[in-house]
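Please read all numbers here as calculations on a predicted model, not as lab measurements.
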Amino acid sequence: MFKNIKKLLFTNFIGKILGFVREVLLAFIFGTNSIIDAFKLCNSLVLTPLNLFVGNSLQQIYIPMYNTKNNKVKFVTHVSLLIMLLSLVLCFSTLIFSKEIINLFLSNGYSHEQKMIASNFLKIFALGIPFYVYNWIFIYTLNAQKNFKENGLNVLNFNLVLIAVTSIYFFFKNIYLLPLSFCIANFIIVLQLTLKYKKEFFRAITAITDINVKQFVLESKTFLIRWSPLLIYTLFMQTYILVERWLLSKDMGLIAASEYAKIITETPVFLITLPLATIGLTYFDKNNASVFRKINKMFLFVCVASLSLGIFIHANQEMIIKILFMRGNFDINSLNLVVSLLQYYSIGFCFYSINTFMFRIYNAEMRNKELSIIVIGAHIITFFLLFTLYFLKIKVDEIVGISYIIVNLLQTIALKVRSQSLSIRYCVSSFQGKLTVVIACVIFALLIGSKQYINSSILYFFTSSILLVLIFGVSLNYIRKNEGEI
């Protein structure tokens, strides 16, 4: 298991570093102007509905069901066909109603020309939908077979292509290169996966030619019944993202600022928590003491890493933004917009990261209905808070930031209270576990307390970075100790 963790963390790390490079490039070229607002909005408008049926909810039900099937090829073929049909419906709907969708989100503060650019962006993004869906179904199938290599490589290759296409903008000043990069990146990954796993691809094609409509309908129905609780709670999560984008569009520049802030807080989740959670979902077995101990140790690491990273980001927010983005068209105004959101996201990040891990374990235990109730309840409360603050005319960045903290905090509390598997107390029962927590607590105290004694923000940044590395080293060593490979 630890070998898989190292491979996944390494490829995700390189991929996310490239993702950072791409965001720095976008900030350098556009800052937080209307073009990048339109680009980020269209990216969300495509990925939000896509994530409803091809994101985490699909992975969380697909892998456990795949592992129970005798005829795995037939199962993969039926589910893939179902998801591809849904993606085509989304693709054509987005193409046809692009103008109407943009008008719903962009306020009167944006000109007719800016809205037309956004509409064209959305149409180009829509063309990449089928390729994006194909990629992730392929990767989820490999994950179910305990092949995690392509998971990280997908992120790496995707960002490489995005950087390459975006860089062309310096030579050909065409803003439509931005959404086009999404289509090109997904097409190249489709080609690469198909050529690399051509035997599996041709086996699936053969299975499609032999498909029985009755069996397809029956398998799809069974899958949808098991999937529906996850779809319902994912619907609430994705609706929240869309409402957040709608609010942010009220002030020009906030959509882009939100994306820059989120890449700072969500990158650690994709680098650390998500790979661990994916492995936990695949291997989870409550009856296997060795696996159960390993996954509980991983949970302790996620809690420690999330808390320490949240403190680090919150204490160094301006320095982090300056290091990453402060150049080109990213000016003081852009800095202030990102800081206004990052101060809230850095607090909510800790809860979001822990939730990501706990979601997977609930899915591995097939507790999807319970998970749905928790997520839906948290989002209903947050929606009420969000619209109450909006009608009270609170500033948009404050509304979005507070709501982000509340929705993730509520989910963390409910998931932990109801969790029957993940136990921090169980993790620290050994001497090594107690020692790990004591060392982490000491370093936490240094992280928080040293700021008032270090006047230089640069010196504090480097000091806190070293302390953060110590926390990670101690915690990762605890996961690895005294456990054989699984």
Side-chain angles (χ1 to χ4, degrees), residues 19 22-23 25-26 29-30 32-55 83-137 157-159 161-191 235 238-239 241-250 252-256 258-259:
R22 206 272 178 123
E23 290 301 313
L25 194 59
L26 289 173
I29 299 170
F30 299 105
T32 52
N33 68 17
S34 62
I35 297 296
I36 201 69
D37 261 0
F39 170 69
K40 294 293 186 182
L41 175 64
C42 293
N43 188 50
S44 294
L45 289 175
V46 167
L47 290 183
T48 299
L50 266 180
N51 287 333
L52 176 62
F53 63 85
V54 80
I83 303 302
M84 287 303 294
L85 288 172
L86 289 172
S87 75
L88 289 173
V89 170
L90 177 62
C91 175
F92 288 119
S93 301
T94 307
L95 285 168
I96 294 166
F97 299 107
S98 60
K99 286 183 183 178
E100 289 77 7
I101 295 168
I102 291 299
N103 285 331
L104 278 174
F105 283 86
L106 290 186
S107 66
N108 294 329
Y110 292 83
S111 68
H112 175 71
E113 184 184 354
Q114 288 169 337
K115 289 182 180 180
M116 283 300 296
I117 289 170
S119 176
N120 292 333
F121 276 10
L122 190 57
K123 287 176 183 176
I124 296 170
F125 266 111
L127 297 174
I129 289 173
F131 303 113
Y132 180 90
V133 171
Y134 173 94
N135 292 338
W136 283 109
I137 293 173
N157 294 333
F158 186 77
N159 283 312
V161 177
L162 292 183
I163 290 169
V165 177
T166 306
S167 299
I168 296 171
Y169 183 85
F170 287 107
F171 306 100
F172 303 99
K173 304 287 184 183
N174 191 328
I175 56 173
Y176 293 109
L177 284 168
L178 295 179
L180 191 61
S181 62
F182 175 79
C183 301
I184 294 171
N186 280 297
F187 176 75
I188 288 174
I189 294 170
V190 163
L191 205 57
L235 177 62
Q238 300 306 318
T239 302
I241 292 170
L242 289 177
V243 171
E244 185 185 74
R245 289 294 174 274
W246 175 75
L247 276 171
L248 291 168
S249 69
K250 301 300 176 188
M252 194 172 291
L254 274 182
I255 296 176
S258 170
E259 289 299 309

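With hydrogens and angles disregarded, no donor-acceptor distance shorter than 3.5 Å links the side chain of T166 to the backbone of I163. Using a distance-only test at 3.5 Å, with no hydrogens or angles considered, no donor-acceptor pair links the side chain of N186 to the main chain of I189. In this structure a side-chain-to-backbone donor-acceptor pair under 3.5 Å is missing from S258 to L254.
Among F125, F131, F39, F121, the single residue meeting the ring pair (Phe, Tyr, Trp, His ring centres under 6.0 Å) criterion with F182 is F125.
Within a 6.0 Å radius of CZ in F171, no more than 12 heavy atoms belonging to other residues, nucleotides or ligands are found. For E113, the CD atom is loosely surrounded, since the number of other residues' heavy atoms within 6.0 Å does not exceed 12.
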Notebook entry, point to check: Is there a side chain to side chain contact (heavy atoms under 4.5 Å, CB included) between S249 and D37 once you walk through the steps?
Noted result: CA-CA 8 Å; S249 69; D37 261 0; over 6 Å; no
Check: Could you go step by step and tell me if L178 and F30 meet the side chain to side chain contact (heavy atoms under 4.5 Å, CB included) rule?
Finding: CA-CA 11 Å; L178 295 179; F30 299 105; 3.6 Å; yes
Notebook entry, point to check: Are L235 and T239 close enough, and set up right, to give a side chain to side chain contact (heavy atoms under 4.5 Å, CB included), and what steps lead you there?
Noted result: CA-CA 6 Å; L235 177 62; T239 302; 4.0 Å; yes
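Here the shortest heavy-atom pairing between I129 and S87 reads CG2-O, 3.6 Å.
Between the side chains of S181 and R22, at least one donor N or O lies within less than 3.5 Å of an accepting N or O.
The distance from the CD atom of Q238 to the CG atom of N51 is 5.0 Å, given to the nearest 0.5 Å.
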